[in-house]
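Numbers here simply count residues along the sequence, with the first being 1.
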Amino acid sequence: MIKLLCIVLLCASISSAKKYKDEEKPTWAKKDIRDFSDADMERLFDQWEEDEEPLPEDELPEHLRKPPSLDLTKLDTSNPESILQATKKGQTLMMFVTVANKPSRARSEELTKIWQSSLWTNHIQTERYLIDDDRAIFMFKDGSQAWTAKEFLLEQEELKDVQLESQTYPGNKADVKNTAVRDEL
């Protein structure tokens, strides 16, 4: 009985599936799949996805999510950095960090790794990418954390500067050579 029910359901789903006749198909659908342009592939994808349930808000790509609501009455309008910090909440943000004293790539790697670990210890999640011998990118999934990280990083030894939202902030201890970190050749 169960097998018969499964066969009936399968036949019903196959017969009710939407299928165009050749003369009803749009011109882009008549092409060979190897000749599809990016726009044709996008249309095919949209057609594939049209009966799917929408994704929950937290699973959507960042550019499709609704920005968090911003209560302007609670913001300190005299401090532009606090306004920037509030507007970047929940958005990806990059910060450029420059190491002082012309370090080797290995030393920059080690210093930035220590800084990243310290940030993670303080619940500031960041990814680190070394882009030059003395320069790294710190990427924050929640951009509002970048300003707290900036304050921490500016106090670190051998930090030349931090660039955040087109503003450059010089390090407070750029001339201090950190002897606790190994200098590998």
Side-chain angles (χ1 to χ4, degrees), residues 1-75 80-97 105 108-109 112-113 115-132 135-150 152-153 162-167:
M1 187 66 166
I2 294 176
K3 289 181 183 180
L4 180 63
L5 181 62
C6 289
I7 292 172
V8 169
L9 287 175
L10 181 65
C11 290
S13 67
I14 291 173
S15 65
S16 68
K18 184 178 178 183
K19 182 163 167 86
Y20 285 111
K21 295 179 182 164
D22 282 339
E23 55 274 353
E24 293 176 359
K25 286 185 181 179
T27 56
W28 66 269
K30 294 178 185 176
K31 291 195 265 183
D32 188 321
I33 188 86
R34 294 171 290 195
D35 298 329
F36 273 24
S37 66
D38 288 340
D40 296 334
M41 292 301 284
E42 190 64 33
R43 277 191 224 104
L44 184 62
F45 179 71
D46 290 342
Q47 187 179 20
W48 179 272
E49 293 285 317
E50 83 187 4
D51 292 331
E52 293 290 319
E53 290 183 23
L55 289 173
E57 181 75 21
D58 62 336
E59 291 181 18
L60 286 172
E62 185 177 319
H63 68 282
L64 295 178
R65 290 184 208 149
K66 295 176 192 165
S69 60
L70 193 61
D71 187 7
L72 296 176
T73 59
K74 294 181 180 177
L75 289 178
E81 283 192 0
S82 69
I83 296 172
L84 263 177
Q85 183 175 3
T87 59
K88 298 299 180 181
K89 182 152 184 71
Q91 296 179 1
T92 302
L93 186 75
M94 292 190 305
M95 172 193 297
F96 294 91
V97 175
R105 189 168 187 87
S108 293
E109 177 81 28
T112 56
K113 189 184 303 182
W115 297 340
Q116 179 190 22
S117 297
S118 298
L119 289 170
W120 272 87
T121 301
N122 289 310
H123 306 288
I124 299 175
Q125 297 178 355
T126 181
E127 297 299 321
R128 173 185 51 90
Y129 305 99
L130 210 58
I131 56 174
D132 203 359
R135 198 159 164 88
I137 294 176
F138 281 70
M139 188 172 73
F140 301 88
K141 293 288 182 190
D142 182 2
S144 64
Q145 294 180 329
W147 279 267
T148 308
K150 175 196 74 150
F152 167 76
L153 289 170
V162 169
Q163 188 175 7
L164 179 63
E165 289 294 299
S166 302
Q167 294 284 339

Nearest 0.5 Å, what's the [atom1]-[atom2] distance between [X] and [Y]?
X      : Y      : atom1 : atom2 : result
Met41  : Trp48  : CE    : CH2   : 11.5 Å
Gln116 : Gln125 : CD    : CD    : 10.5 Å
Glu49  : Leu55  : CD    : CG    : 8.0 Å
Leu164 : Trp147 : CG    : CH2   : 4.5 Å
Met94  : Gln163 : CE    : CD    : 10.0 Å

Would you find a donor on one side and an acceptor on the other, under 3.5 Å apart, between the side chain of Asp32 and the backbone of Arg34?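 Yes, the answer is positive, given that a donor and an acceptor are paired below the 3.5 Å cut-off.
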Show, in sequence, the C-alpha distance, side-chain angles and deciding distance for Glu165 and Gln85, and conclude whether the side-chain contact (heavy atoms from CB on, under 4.5 Å) test is met. CA-CA 10 Å; Glu165 289 294 299; Gln85 183 175 3; over 6 Å; no
Taking atom CG as the centre, does Asp38 end up with more than 12 heavy-atom neighbours from other residues, nucleotides or ligands that are less than 6.0 angstrom away?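 Not more than 12 within 6.0 Å, no.
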Could you tell me whether Arg43 and Asp40 have a side-chain N and a carboxylate O separated by less than 4.0 Å? yes
NZ/NE/NH1/NH2 to OD/OE distance under 4.0 Å, Lys150 and Glu81: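 Looking at Lys150 and Glu81, the cut-off is met.
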Would Lys66 and Glu57 count as a side-chain contact (heavy atoms from CB on, under 4.5 Å) here? Give the steps. CA-CA 8 Å; Lys66 295 176 192 165; Glu57 181 75 21; 3.8 Å; yes
How about [X] and [Y]: do any of their side-chain heavy atoms sit closer than 4.5 Å?
X      : Y      : result
Met139 : Thr92  : yes
Leu119 : Phe138 : yes
Leu44  : Ile33  : yes

Identify the heavy atoms of Leu93 and Ala146 that sit nearest to each other, and give their distance.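 The pair with the smallest heavy-atom distance is CD2-CB, 3.4 Å.
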Between Lys89 and Ser144, which heavy-atom pair has the shortest distance, and what is it?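 Where Lys89 meets Ser144 most closely, the heavy atoms are CA-CB, 4.0 Å.
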Is there a side-chain contact (heavy atoms from CB on, under 4.5 Å) between Thr126 and Gln145 once you walk through the steps? CA-CA 9 Å; Thr126 181; Gln145 294 180 329; over 6 Å; no
With side-chain contact (heavy atoms from CB on, under 4.5 Å) as the criterion, how do Phe140 and Lys88 come out once you've worked through the C-alpha distance, each side chain's angles and the decisive distance to 0.1 Å? CA-CA 10 Å; Phe140 301 88; Lys88 298 299 180 181; over 6 Å; no
Checking Ile137, Val97, Thr112 against Leu130 for side-chain contact (heavy atoms from CB on, under 4.5 Å), the one that qualifies is Thr112
